Amino acid sequence: MRPRGTGRLARCCYLAALTLTLASTLSALDVPSLAGRIVDLARVLPANEADSLSAALKAHEEKTGNQVAVLILPSLEGESLEEYSHRVATTWRLGKKGTDNGVLLLIAVKERKLRIEVGYGLEGALTDLRSAHIIRNEIVPRFRSGDMPGGVRAGVEAILKTIEGTYQAQDHPTIPTGTGLDTSAVHAVFIGIVVGFLAGIVLSQGLRRTRALFGSLLAYLVAQSASIPLGIVAAGITAVLLWLVLWANRGSRSGSAYDDWTWYSSRSGGWSGGSSDSGFSGGGGDFGGGGASGNW
C-alpha cells in the first residue's frame with residue numbers, strides 16, 4: 001500500500017515538468033520558413049546579391065545534388081548558436097534523405113556569431129577543421145572590416161569549393177581593401193603626425209608662429225598617401241599638438257586624439273528578406289552536429 005501523498009507528489013512533479021517544458025517551448029526562437037536558399041531576415045544583403053548567391057547555390061545543387069542554404073538573423077534572442085543552428089538544419093531537412101548532403105550557414109548579426117552546420121553525408125568533405133578555416137579565413141575578416149555581403153559571398157563560395165574539392169585554405173587571411181580603414185592607412189596617419197610634429201619642433205626654431213603650419217603641411221604630405229581626408233586629419237592633429245607645445249609654459253601636456261572609425265557597406269539595388277527562390281524545399285536530409293562556429 002502506497003503512503004498517503006505519494007500520488008499527489010507524483011502529479012505535482014509531472015505538472016511542474018510539463019510546465020517547464022511548455023515554457024521553454026514557448027520562449028524558444030521560432031525556426032523561420034524555408035522561403036529560399038537565402039533567408040535574410042536581418043536585411044544584410046542587397047536584393048541583387050541575394051539573387052546572385054541563390055543562383056550559384058541552385059546551380060551547385062543541380063550539378064551535385066547538395067543543398068546549401070544561408071540564414072541571416074537579426075538576433076538569436078538568447079538561444080544557443082549551436083542548438084538553434086542544428087534545430088534549423090533539421091527542421092529545414094536540407095539535403096537528400098539517405099545521403100544527408102545538406103549545409104547551413106547561419107549568421108546572427110547582433111551577437112556577431114556564425115556557424116556552418118554540416119549534414120552527415122558531407123562531413124568527410126566539409127570537415128570541422130575545413131569549416132573553421134572558412135569561417136576564420138574567408139568570412140570573419142570581411143565581417144570585421146564592415147563588408148558583410150562580401151563575407152557571406154566569400155563563405156558561400158568557399159563552402160561550395162570545399163565540397164567540390166577545389167578550395168585551398170590560406171594560412172593568413174586577407175582583409176579586402178576599400179572597406180573601412182586598414183592597418184596601412186592608420187600607420188600612414190601616425191607616421192605623418194610624428195614626422196610633422198618633430199619637423200615642426202626641430203626645423204622651425206626661430207619661426208615659432210609658423211611652426212604649426214610647417215609641421216601640419218609635412219604631416220599632410222606623408223598621410224595623404226593613404227587618402228586626402230586622412231592627410232587632412234593628420235595635419236589637423238599635428239597643428240593642435242604644435243600649438244600646445246608653443247603655448248605651454250610649464251611641464252608637458254599630453255592630449256588625446258582619436259580616429260573616427262566609420263563602418264559602412266555599399267547597399268545598392270534595394271533590400272530583400274531573402275532571394276526569389278520559389279519552389280525550394282529540403283529533401284529530407286539529417287544532421288549530426290558536424291561543422292564549426294565563430295564570431296567577429
Side-chain angles (χ1 to χ4, degrees), residues 24-47 49-50 53-54 57 67-95 102-119 122 126 128-160 162 173 175-176 179-180 261 263-265 267 271-275 277 280 282 287-296:
S24 62
T25 303
L26 291 174
S27 63
L29 179 61
D30 291 337
V31 173
S33 60
L34 182 57
R37 292 172 174 84
I38 306 292
V39 180
D40 181 12
L41 302 181
R43 303 177 70 83
V44 166
L45 300 175
E49 184 75 17
L53 286 175
S54 180
L57 295 177
Q67 284 190 331
V68 181
V70 177
L71 172 60
I72 308 176
L73 295 172
S75 172
L76 287 168
E77 299 182 11
E79 291 272 0
S80 162
L81 172 66
E82 288 75 15
E83 292 179 4
Y84 184 72
S85 176
H86 185 263
R87 181 148 55 91
V88 171
T90 53
T91 300
W92 283 1
R93 299 181 66 80
L94 297 172
V103 177
L104 171 67
L105 171 60
L106 188 147
I107 300 163
V109 176
K110 180 181 178 181
E111 292 80 6
R112 304 172 74 90
K113 293 181 178 181
L114 68 153
R115 178 168 176 80
I116 298 175
E117 195 79 32
V118 184
L122 290 177
L126 189 59
D128 295 358
L129 181 59
R130 289 170 183 166
S131 298
H133 281 165
I134 292 172
I135 291 173
R136 184 176 67 248
N137 294 353
E138 305 296 342
I139 304 177
V140 166
R142 290 169 172 84
F143 279 10
R144 286 179 176 171
S145 69
D147 184 14
M148 289 202 69
V152 175
R153 169 168 286 280
V156 168
E157 290 177 349
I159 288 171
L160 299 185
T162 300
I175 299 178
T179 54
W261 291 77
W263 296 89
Y264 70 93
S265 58
R267 293 169 175 170
W271 297 92
S272 170
S275 60
D277 200 5
F280 176 69
F287 290 74
S293 304
N295 56 72
W296 74 96

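Residue numbers run from 1 in the order of the sequence given. Remember, predicted model here, so these are calculated numbers, not experimental data.
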- Task: Please assess M148 against V109 for the test side-chain contact (heavy atoms from CB on, under 4.5 Å), listing each intermediate value before the final yes or no.
- Result: CA-CA 10 Å; M148 289 202 69; V109 176; 4.2 Å; yes

- Task: Working to the nearest 0.5 Å, report the span between CD1 of I107 and CG of L41.
- Result: 11.5 Å

- Task: Step by step, work out the side-chain contact (heavy atoms from CB on, under 4.5 Å) result for L122 and V103.
- Result: CA-CA 8 Å; L122 290 177; V103 177; 3.5 Å; yes

- Task: For the pair S54 (side chain) and A50 (backbone), establish whether a donor and an acceptor sit closer than 3.5 Å, ignoring hydrogens and angles.
- Result: no

- Query: Is there a donor-acceptor pair closer than 3.5 Å between any side-chain N or O of E77 and the backbone N or O of L29?
  - Reply: no

- Taken to the nearest 0.5 Å, the spacing of I38 CD1 from L45 CG works out to 6.5 Å

- On a heavy-atom basis, the closest approach of L73 and Y84 is CD1-CE2, 3.3 Å

- Task: Work out which heavy atom in L57 is nearest to a heavy atom in R37; give both atom names and the distance.
- Result: CB-CD, 3.7 Å

- Query: Between W92 and L104, which heavy-atom pair has the shortest distance, and what is it?
  - Reply: CZ3-CD1, 3.8 Å

- Message: Check whether E111 reaches the backbone of L76 with its side chain - one donor and one acceptor, N or O, closer than 3.5 Å.
- Response: yes

- Can you tell me how far the CG atom of L94 sits from the CD atom of Q67, to the nearest 0.5 Å? 6.0 Å

- Item | Worked verdict on L114 versus W296 for side-chain contact (heavy atoms from CB on, under 4.5 Å) | CA-CA 8 Å; L114 68 153; W296 74 96; 3.7 Å; yes

- Flag, side chain of T90 to backbone of H86, donor-acceptor distance under 3.5 Å: yes

- Task: Measure from the side-chain N and O atoms of S145 to the backbone N and O of R142, and report whether any donor-acceptor pair falls under 3.5 Å.
- Result: yes

- E83 bridged to R87 by N-O distance under 4.0 Å: no

- From CA spacing to verdict: side-chain contact (heavy atoms from CB on, under 4.5 Å), L105, I139: CA-CA 11 Å; L105 171 60; I139 304 177; 4.2 Å; yes

- Between G36 and F280, which heavy-atom pair has the shortest distance, and what is it? C-CD2, 3.6 Å

- On a heavy-atom basis, the closest approach of G291 and V118 is CA-CG2, 3.9 Å

- Which distance, rounded to the nearest 0.5 Å, do you find between the NE2 of H133 and the CD1 of I116? 11.5 Å

- With T91, which residues qualify under side chain to side chain donor-acceptor pair (under 3.5 Å), at least two apart? none

- Close side-chain approach of S293 to K113, heavy-atom, < 4.5 Å: no

- State, to 0.1 Å, how close S85 and L106 come at their nearest heavy-atom pair, and which atoms those are. CA-CD1, 4.0 Å

- Message: When you compare the side chain of D40 with that of V152, does any pair of heavy atoms fall below 4.5 Å?
- Response: no

